[in-house]
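One-based numbering, in listed order, for ligands and for the atoms of each.
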Amino acid sequence: MQKRSIILYWLLIFIPTVIIGMVAFRLIYHEQERINRLAVDAISDRAKSISETLLLTVEAVQEELIRSLLSISDDRLQDTLLEWSETNPLVRNVFIWDEKAGLIYPVSGVASTSEERYFASRFDGLFSGRVSWSSGKPDSSDIHKDLGRRGTFQDISQMNRGKRELLNIAQSSRSIGLESSDTMEEGITTGGWMPWFAENRLYIIGWVSKRKGGPVHGVELELMTLLSGLISNFPETSSDEPCYALVDDSGALLHQSGDMKIDRDIKPILRVSLEPFLPHWSIAVYTNQGKTGAAGNGFMITALLLLFVFIAAIAAGGFLLMKNARQNMIDAQQKTSFVSNVSHELKTPLTSIRMFAELLLDDRVKDQEKRHKYLQIMVAETRRLTRLVNNVLDFSRLEQGKKRYQIEEINGCELIREISEIHTPRIKEAGMEVILNIPDEAIIIRADRDALEQVILNLIDNAIKYAGDGKEISISMKMGTKNCEIGVEDRGPGVPESHRKKIFEKFHRVDNSLTAKTQGSGLGLSIARRMLRDMGGDLDYEPRAGGGSSFVVSIPLK
Ligand code: ADP
C-alpha cells in the first residue's frame with residue numbers, strides 16, 4: 001500500500017512535469033521561429049532600403065546626365081562631348097550616331113583610341129542599327145515630363161554624401177556647351193538609359209535625340225565612378241550584425257558592410273535585385289549563423305536551459321522527496337520490527353527470571369546445587385537485560401548526539417585480558433573456548449574504557465549468539481602504525497556477502513523474522529561502529545580465513 005502511494009506521488013510529479021516540459025518546449029520552439037522570422041524580415045527591410053537608396057541614386061545620376069546631354073547645343077555637340085569624356089569621371093565614352101551616317105563619333109579606324117574602338121565594337125548592335133535605341137530601359141519616350149516629375153532631385157542638400165558627389169559630377173558638365181532650355185522641343189525629344197551586356201559584363205549607355213529621326217548622342221557610364229559613390233550608401237555594421245554586400249552580375253563582391261569574411265561557398269540568406277537600373281546586380285545579405293538569420297538561436301538556448309533547470313529542479317526535488325519518503329518508510333518498518341524484537345528480547349529473559357524466581361520463592365528446589373545454578377541463570381539473564389537496555393539507551397543518546405566520552409590512555413592489553421577473564425566462564429558455559437593472542441608488552445591506546453568494553457562485549461555476545469557451533473572465540477591484539485587492532489573471531493557461519501556492509505546499519509539483521517533462531521535488536525554493531533568512529537577508530541568485518549567471522553576493532557594509539 002505504502003509503495004503504491006509512493007509510485008502514485010511520483011507519477012503525480014512526473015506526468016505534469018513531462019507535460020509542462022513538452023508544452024514549454026513547443027512554445028519556445030515557436031517563439032524562436034517567430035523571432036527568427038522577425039529578424040529575417042528586419043534584415044530584408046534593411047536590404048531593400050539599401051537597394052532603394054542605390055537605385056534612387058543611380059536614377060538621379062542618370063537623370064542629371066540626360067539633362068546635361070539635352071542641354072548641349074547642336075553646334076558644339078562633338079566638342080562638348082569630347083570635353084566631357086576627358087573631364088567627367090562618370091563618363092567613360094561619348095558617341096554621336098545618325099541613322100543614315102551610322103557612328104559619327106568615335107570615328108572608325110586609326111583616328112580613334114583603342115578604348116573607343118572597343119566601345120564601338122561593344123555597342124555594335126546599337127550602332128549598326130540592329131537594336132533600336134528606344135528598347136532601352138527605363139523607357140523614357142517623353143523625358144521632359146519625367147524630369148519635371150522628379151524635381152526633388154534638384155534639392156541635393158538633402159542627399160547623402162555619395163549621392164551628392166555623384167550628382168555634382170553629373171551636373172558639372174552642364175555648364176559646358178549649355179543651350180537654353182526653350183530651344184528643346186517637348187514631346188519630340190527622346191532618350192534613355194540602356195543596360196548592355198558584352199562578354200557577360202554590364203555596361204550602361206545613355207542617349208538622347210532631340211528630333212525624331214535626328215542624330216542620337218550620348219555617353220557610356222563609368223561604372224567604377226558610379227560604384228565609388230554608391231558604396232557610401234552602405235551602412236556600417238558590427239561583427240555580430242548581418243553583412244550587406246553589393247554583388248555584380250558575375251557574382252563578384254564589389255563592396256560589403258562590416259568586416260565579415262565571406263568565402264565564395266557561403267550562401268547569402270537573401271538577395272535583393274537592383275533591377276532595372278543595374279540588372280543582375282544585387283544586395284546580398286550574409287550572416288555568421290548561416291541560414292537561420294541574424295538572431296541566431298540565443299533565445300532558444302537560454303529558454304531551453306531555463307526549462308532544463310526548471311525540470312531538473314522538479315525532478316531532483318521529487319526524487320529527493322521520494323527518497324526521503326522511501327527512507328521514512330524503511331525507518332518506520334525497521335522501528336516496528338525493532339520494537340517487536342526488543343520486546344521479544346526483554347520478554348525471554350524476564351520469563352526465565354520470573355520462572356526461576358517463582359521456583360525459588362515457593363521453595364520447591366531443595367538441591368543446593370540446583371538453587372545455585374538457577375540463581376546463576378537469573379544473574380546472567382539480568383545482565384542480558386541490562387545490556388539490551390544499555391544498547392537502547394546508547395542508541396538514543398547517539399542519535400541525539402548526547403553521548404559523551406571520557407577519553408583516557410589505557411593499556412589495551414590489560415583491558416582485553418580483564419574482559420576475557422570476566423567473560424570466559426560465560427563463554428565456556430556456551431560450550432566455547434577462548435583463544436587469547438595478546439602481546440605481553442603494554443599497548444597504550446586512547447579510548448573511553450566503558451565504551452570500548454561495551455564494544456568488545458557486544459562482539460563476544462554476537463559470537464556466542466551466532467557462532468556457538470564454531471566452538472571457539474579468538475581474541476587477538478596487534479599494533480598498527482597509528483592504530484591498535486583488536487580482532488574478535490569465531491568459526492561460525494559468517495555473514496553472507498550481501499549483508500557485510502549492511503550489518504553496521506541500525507536495525508539491520510541478517511534474519512529479521514520473529515521466528516529467527518536468535519533474537520536481537522539490530523543495534524549492537526551499529527552502536528559499536530559509531531562509538532569507535534567517535535573515538536577516532538573503526539569497526540570492520542571480514543570473512544575469517546578457514547570459515548567464520550572476523551570483526552576488527554581499530555583504536556588510536558597514544
Ligand atoms: P543483533 O545481534 O541484535 O541482531 P547486531 O548489530 O549486533 O544486532 O548484529 C547485526 C547482525 O549481524 C546480526 O543480526 C547477525 O545476523 C549478524 N552478525 C553479527 N555478528 C555475527 C557473527 N559473529 N556471526 C554471524 N553473524 C553475525
Side-chain angles (χ1 to χ4, degrees), residues 330-331 333-349 381 383-399 403 419-420 423 426-427 430-435 451-476 486-534 538-553:
I330 292 170
D331 280 359
Q333 276 170 355
Q334 280 182 332
K335 273 175 192 156
T336 317
S337 73
F338 165 73
V339 170
S340 51
N341 280 342
V342 169
S343 314
H344 201 266
E345 280 271 277
L346 290 172
K347 202 177 149 199
T348 321
E381 290 296 86
R383 271 206 206 107
R384 201 169 127 194
L385 274 178
T386 315
R387 271 201 306 277
L388 181 68
V389 172
N390 277 345
N391 263 353
V392 176
L393 286 177
D394 269 334
F395 171 70
S396 74
R397 262 186 234 125
L398 281 167
E399 284 285 286
K403 174 88 183 157
I419 298 174
S420 77
H423 295 282
R426 203 158 61 88
I427 298 168
M432 299 174 92
E433 122 187 59
V434 185
I435 302 167
L452 186 58
E453 198 175 326
Q454 196 183 326
V455 169
I456 305 294
L457 205 63
N458 248 314
L459 295 177
I460 293 173
D461 274 352
N462 277 353
I464 297 173
K465 244 189 336 185
Y466 301 107
D469 297 345
K471 305 283 180 221
E472 71 162 70
I473 299 179
S474 154
I475 304 174
S476 61
I486 304 164
V488 178
E489 299 168 308
D490 59 53
R491 286 281 176 213
V495 177
E497 187 155 4
S498 58
H499 290 271
R500 283 177 193 163
K501 280 206 170 86
K502 291 184 182 159
I503 51 172
F504 296 103
E505 289 169 13
K506 58 187 179 188
F507 309 130
H508 187 87
R509 308 196 69 234
V510 174
D511 183 356
N512 205 17
S513 61
L514 277 179
T515 51
K517 228 167 75 194
T518 45
Q519 291 300 317
S521 59
L523 284 177
L525 290 179
S526 107
I527 293 175
R529 180 180 258 185
R530 273 172 78 167
M531 289 201 300
L532 284 169
R533 285 188 177 172
D534 286 348
D538 209 347
L539 174 63
D540 277 308
Y541 169 87
E542 45 194 56
R544 189 180 181 189
S549 304
S550 169
F551 287 92
V552 183
V553 171

salt_bridge(Arg387, Asp461) N-O dist < 4.0 Å: yes
Which residue and heavy atom of the protein sit nearest atom 5 (P) of ligand 1, plus the separation: Leu525 N, 3.6 Å
Side chains of Gln454 and Asp394, donor plus acceptor under 3.5 Å: yes
Sub-4.0 Å heavy-atom approach of Phe551 to ligand 1: yes
Sub-4.0 Å heavy-atom approach of Gly494 to ligand 1: yes
Residues Asp469, Arg491: salt bridge by 4.0 Å N-O rule: no
Heteroatom proximity flag, Ala467 to ligand 1, N/O under 3.5 Å: no
Matching residue for Thr386 among Asn390, Leu388, Val389 - test: side-chain contact (heavy atoms from CB on, under 4.5 Å): Asn390
For Leu523, the ligand 1 atoms whose distance to one of its heavy atoms is below 4.0 Å: 6 (O), 8 (O)
Asp490, portion touching ligand 1 at heavy-atom distance under 4.0 Å: side chain
Any N/O pair Ser526/ligand 1 closer than 3.5 Å: no
Element-labelled atoms of ligand 1 that are located less than 4.0 Å from some non-hydrogen atom of Val510: 14 (O), 16 (O)
Any residue meeting ring-ring contact (aromatic ring centres under 6.0 Å, His included) with Phe395, in chain and number order, not counting sequence neighbours: Phe507
Taking atom 12 (O) of ligand 1 as the reference point, the nearest protein heavy atom with its distance: Ile503 CG2, 3.3 Å
Protein heavy-atom partner closest to atom 14 (O) of ligand 1 - residue, atom, separation in Å: Tyr466 OH, 3.3 Å
Asn458 N/O under 3.5 Å from ligand 1 N/O: no
Euclidean distance, Ser549 OG relative to Arg544 CZ, rounded to 0.5 Å: 9.5 Å
Salt-bridge criterion met for Lys502 and Glu505 (N-O under 4.0 Å): no
Nearest non-hydrogen protein atom, atom 26 (N) of ligand 1: Val495 CG2, 3.7 Å
Contact with ligand 1 for Ser549, non-hydrogen, under 4.0 angstrom: yes
Aromatic ring pairing His508/His499, orientation class (parallel under 30°, perpendicular over 60°, tilted between): tilted
Arg500 (side chain) donor-acceptor with Val495 (main chain) under 3.5 angstrom: yes
Residue pair Leu539 / Phe504, side-chain heavy-atom distance below 4.5 Å: yes
Atom 4 (O) of ligand 1: the protein heavy-atom neighbour that sits closest, reported with distance to 0.1 Å: Arg509 NE, 2.5 Å
Identity and separation of the nearest protein heavy atom to atom 7 (O) of ligand 1: Asn462 ND2, 2.9 Å
Min heavy-atom dist Gly522 to ligand 1 below 4.0 Å: yes
N or O contact, Lys465 vs ligand 1, cut-off under 3.5 Å: yes
Results of salt bridge (charged side-chain N to carboxylate O under 4.0 Å, His left out) for Arg530 - residues two or more places apart only: Glu399
N or O pair under 3.5 Å between His508 and ligand 1: no
